[in-house]
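Have a look at the structure below, then the notes.
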Amino acid sequence: MKRKWFILLASVVAASALLAACSGGSAGSGNASASKGITYATAKDINDMNPHLYTGSMPAQGMLYESLVENTVDGIKPLLAESWDISEDGKVYTFHLREGVTFHDGEPFNAEAVKKNIEAVQRNGQKHAWIKLSTKIQSVNAVDEHTVELVLSEPYYPTLLELSMTRPYVFLSPKDFSNGDTKDGVNGYHGTGPYRLTEHEAEQYAVFEANENYWGGAPSVNKITAKVLPAGETTFLALRKGEVNFVFTDDRGTDSLDVEAMDGLVASGDYRLVRSDPMNTKMIVANSSKPDSPAKETAVREALWHAIDRETIAKRIFNGTETAAYTLFASNVNYANVELTERGFDPERAASLLDESGWTLDGGGEVRTKNGAPLAMKLYYDIHSSSQKTQAEFIQSTAKSIGMQLELIGEESSSIANRRTTGDYDLLFNQTWGLAYDPQSTIAAFTSEASYLHTTSGIAQAEELYGAIEDVMVSTDEEVRKSLYAKILTIVHDEAVFIPLTNGNMTIVAPKELQGIAFKQTQFELPFEKMKFE
């Protein structure tokens, strides 16, 4: 089917090129260059853009709103705060704000605006409990017009990292607050960011125009339009017709771009393809605490790890757009460059582990048993992810070769998330939070009932693991943190509760004239303000 789609695309490319030659213009991308605008395809509407809630499009919110600090490849850098001081006990952060900044509606950005926004987030604390910082903020004080003091209940080293996230600790004009708050809705979407939301037709499109008064200088690309289109053939035909001229994977799902089709677009000469460094790790999560599941045994989890051919998954299923992963985090994640036992594709080793732990094949059967129970588990995948389904089928076949039976069940992502919370699973597909959030956010989730508590609570070193996690979050000593993270990552690696598959990245298809394409330290945003047409 993919080959037929590639042939169809090639025909479209050829026809478009001929049309361009006859008209003296460049198909698809020429109009974009003339208008200095970008129109990107999005599989879903931008939705409610309240930055203190979680229904809005993160790429869109990243254009409107800003945080005090920015997470970059070189560490935390100033954004709306030009500098900051941290008290010796690690509990008081004093931010010195950038002067002369205004919200899109003309309201001044100052210490009072920061105080009102952070306090609004804190009043909806239950919604934000996944961010540990929200549980540690005691008060926020406006010292003077451009100085803000954030007081914590205890030291918390990821404070600046969590303040730099796309949401919720970003800033909305106080005039947009509804009855002095944001948790029940807002009256507008005026941030301090490089773009303003000027038009929105639900489920159709949204228009963002350059903020001419932006403190960092008006963006070169003066208009960005988010157009709602279904992923797949419709989007690529829209690219060729010039209806859209920009696509990026992590706004639309990691397997929404057909690789052969992308190659065809690039070969046409009108587009180029840009990929980021690894942003996340795709993985299978095993339930170590389910009493009647074989997944509770370390040997079974380790055997499954050895039974997965990641190189083939990366090359054949993802066509080389993702790389094989052998650890929970890629080495470019902070604190994750730790020496861990290598565990590659080795069916013989997998079979040996099962033999040693008492799982045997009797009477010529295909499924191993132990004490009369079969080595059978259910593997849940997102029904809307074609790559997860394909991976599941491939893993099922290799697991069968070592006497392990996997029943594949596709469900809605919300249903899978609920299973993760309740512990009603053996195995399920998931992924790490992503580069800007890790390792601290994924690791903090090891102790959360809403996330990975059932994954980790059944292992022998669970209490030791949880103690190390608690300690690393409050440590103010860099060397101590490195040691604690090494301990945490070694425990979960040795227990094989998070079975890595591939490292995912962000892929962009853009007009060849568009320069300055870069990536933030997140899989959810792009620095559109840095882009420009030649």
Side-chain angles (χ1 to χ4, degrees), residues 45-58 60-69 79-81 84 91-153 156 159-160 162-200 202 206 208 211 213-215:
D45 186 58
I46 65 168
N47 223 314
D48 178 9
M49 293 288 283
N50 182 347
H52 297 165
L53 298 179
Y54 297 98
T55 57
S57 161
M58 293 179 77
Q61 286 180 329
M63 289 188 268
L64 300 186
Y65 306 112
E66 295 179 304
S67 49
L68 291 172
V69 293
L79 199 59
L80 289 176
W84 54 90
K91 294 196 291 187
V92 181
Y93 287 70
T94 303
F95 295 94
H96 307 284
L97 305 182
R98 193 178 298 277
E99 298 184 20
V101 177
T102 59
F103 289 97
H104 298 154
D105 61 0
E107 282 292 292
F109 171 78
N110 52 30
E112 280 299 325
V114 172
K115 177 178 170 67
K116 287 179 181 178
N117 273 266
I118 293 179
E119 288 180 342
V121 172
Q122 293 303 107
R123 283 193 291 272
N124 198 16
Q126 186 175 0
K127 177 72 71 175
H128 309 298
W130 67 275
I131 304 174
K132 296 300 182 183
L133 177 61
S134 71
T135 68
K136 301 182 185 300
I137 294 177
Q138 279 192 332
S139 65
V140 53
N141 309 307
V143 177
D144 58 39
E145 186 177 4
H146 296 107
T147 308
V148 177
E149 184 181 77
L150 190 67
V151 182
L152 309 183
S153 59
Y156 183 60
T159 294
L160 294 175
E162 295 189 0
L163 286 176
S164 74
M165 292 179 181
T166 312
R167 57 194 183 197
Y169 292 110
V170 293
F171 302 100
L172 178 75
S173 170
K175 279 190 173 181
D176 290 333
F177 283 35
S178 178
N179 298 318
D181 222 327
T182 59
K183 62 185 177 67
D184 297 319
V186 295
N187 300 319
Y189 306 121
H190 299 101
T192 62
Y195 289 91
R196 302 176 296 114
L197 176 63
T198 57
E199 190 176 352
H200 178 208
F208 304 86
N211 176 10
N213 298 315
Y214 183 53
W215 61 264

| field | Worked check of side chain to side chain contact (heavy atoms under 4.5 Å, CB included) between Phe177 and Val186 | value | CA-CA 5 Å; Phe177 283 35; Val186 295; 5.6 Å; no
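- Atom CG in Leu163 sits 5.0 Å away from atom CZ in Phe95 (nearest 0.5 Å).
- Taking the six-membered ring for Trp and the full ring otherwise, Phe171 and Phe109 have centroids separated by under 6.0 Å.
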| said: For Asp105 and Tyr189: C-alpha separation, side-chain torsions, deciding distance, then whether side chain to side chain donor-acceptor pair (under 3.5 Å) applies. | reply: CA-CA 9 Å; Asp105 61 0; Tyr189 306 121; over 6 Å; no
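- Open room surrounds CG on Asn179; 12 or fewer heavy atoms of other groups in view lie less than 6.0 Å from it.
- Distance alone, capped at 3.5 Å, places no donor-acceptor pair between the His104 side chain and the Pro194 backbone.
- No donor-acceptor pair under 3.5 Å is formed between the side chain of Asn141 and the backbone N or O of Val143.
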| task | Walk me through it: do Arg167 and Gln61 pass the test side chain to side chain contact (heavy atoms under 4.5 Å, CB included)? | result | CA-CA 8 Å; Arg167 57 194 183 197; Gln61 286 180 329; 2.8 Å; yes
Enumerate donor-acceptor pairs with a distance under 3.5 Å from any side-chain N or O in residues 126-137 to protein atoms, sequence neighbours excluded.
from, atom 1, to, atom 2, distance (Å)
His128, ND1, Tyr54, OH, 2.7
His128, NE2, His52, O, 3.4
Trp130, NE1, Tyr54, OH, 3.0
Ser134, OG, His128, O, 2.8
Ser134, OG, Ile131, O, 2.7
Thr135, OG1, Lys132, O, 2.7
Lys136, NZ, Glu154, OE2, 2.6

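- When side chains are defined from C-beta on, Tyr195 does not count as touching Asn211, because their heavy atoms never get closer than 4.5 Å.
- Taken to the nearest 0.5 Å, the OG1 atom of Thr192 stands 9.5 Å off from the CG atom of Leu64.
- Contact annotation: the side chain of Thr94 never approaches that of Trp84 to less than 4.5 Å [non-hydrogen atoms, C-beta and beyond].
- Glu162 and Tyr156 form a side-chain donor-acceptor contact under 3.5 Å, judged by distance and modelled atom types alone.
- Of the possible polar contacts, one joining the Tyr65 side chain to the Met49 backbone as a donor-acceptor pair under 3.5 Å is found.
- Looking at Tyr93 and Val148, their side chains never come closer than 4.5 Å, going by heavy atoms from C-beta outward.
- Contact check for Leu150 versus Val92: no side-chain heavy atoms found under the 4.5 Å cut-off.
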| request: Please report the C-alpha distance between Trp215 and Glu66 in whole Å, then the side-chain angles of each, then the deciding distance to 0.1 Å, and finally whether the side chain to side chain donor-acceptor pair (under 3.5 Å) criterion is met. | output: CA-CA 12 Å; Trp215 61 264; Glu66 295 179 304; 3.0 Å; yes
| task | Test side chain to side chain contact (heavy atoms under 4.5 Å, CB included) on Leu97 and Leu68 and set out the steps. | result | CA-CA 8 Å; Leu97 305 182; Leu68 291 172; 3.7 Å; yes
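- Looking at Ile46 and Leu197, their side chains come closer than 4.5 Å, going by heavy atoms from C-beta outward.
- Without hydrogens or angle criteria, Arg123 side chain to Lys183 main chain gives no donor-acceptor distance under 3.5 Å.
- When side chains are defined from C-beta on, Tyr169 counts as touching Gln122, because their heavy atoms get closer than 4.5 Å.
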| request: Could you walk me through whether Gln138 and Ser153 pass side chain to side chain donor-acceptor pair (under 3.5 Å), step by step? | output: CA-CA 6 Å; Gln138 279 192 332; Ser153 59; 5.2 Å; no
| Verdict with supporting geometry, Val140 and Glu119, side chain to side chain contact (heavy atoms under 4.5 Å, CB included) | CA-CA 7 Å; Val140 53; Glu119 288 180 342; 3.4 Å; yes
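- With 3.5 Å as the limit, one finds a donor-acceptor pair spanning the side chains of His200 and Asp45.
- Under the 3.5 Å distance criterion, the side-chain polar atoms of Asp176 are matched with a main-chain donor or acceptor of His190.
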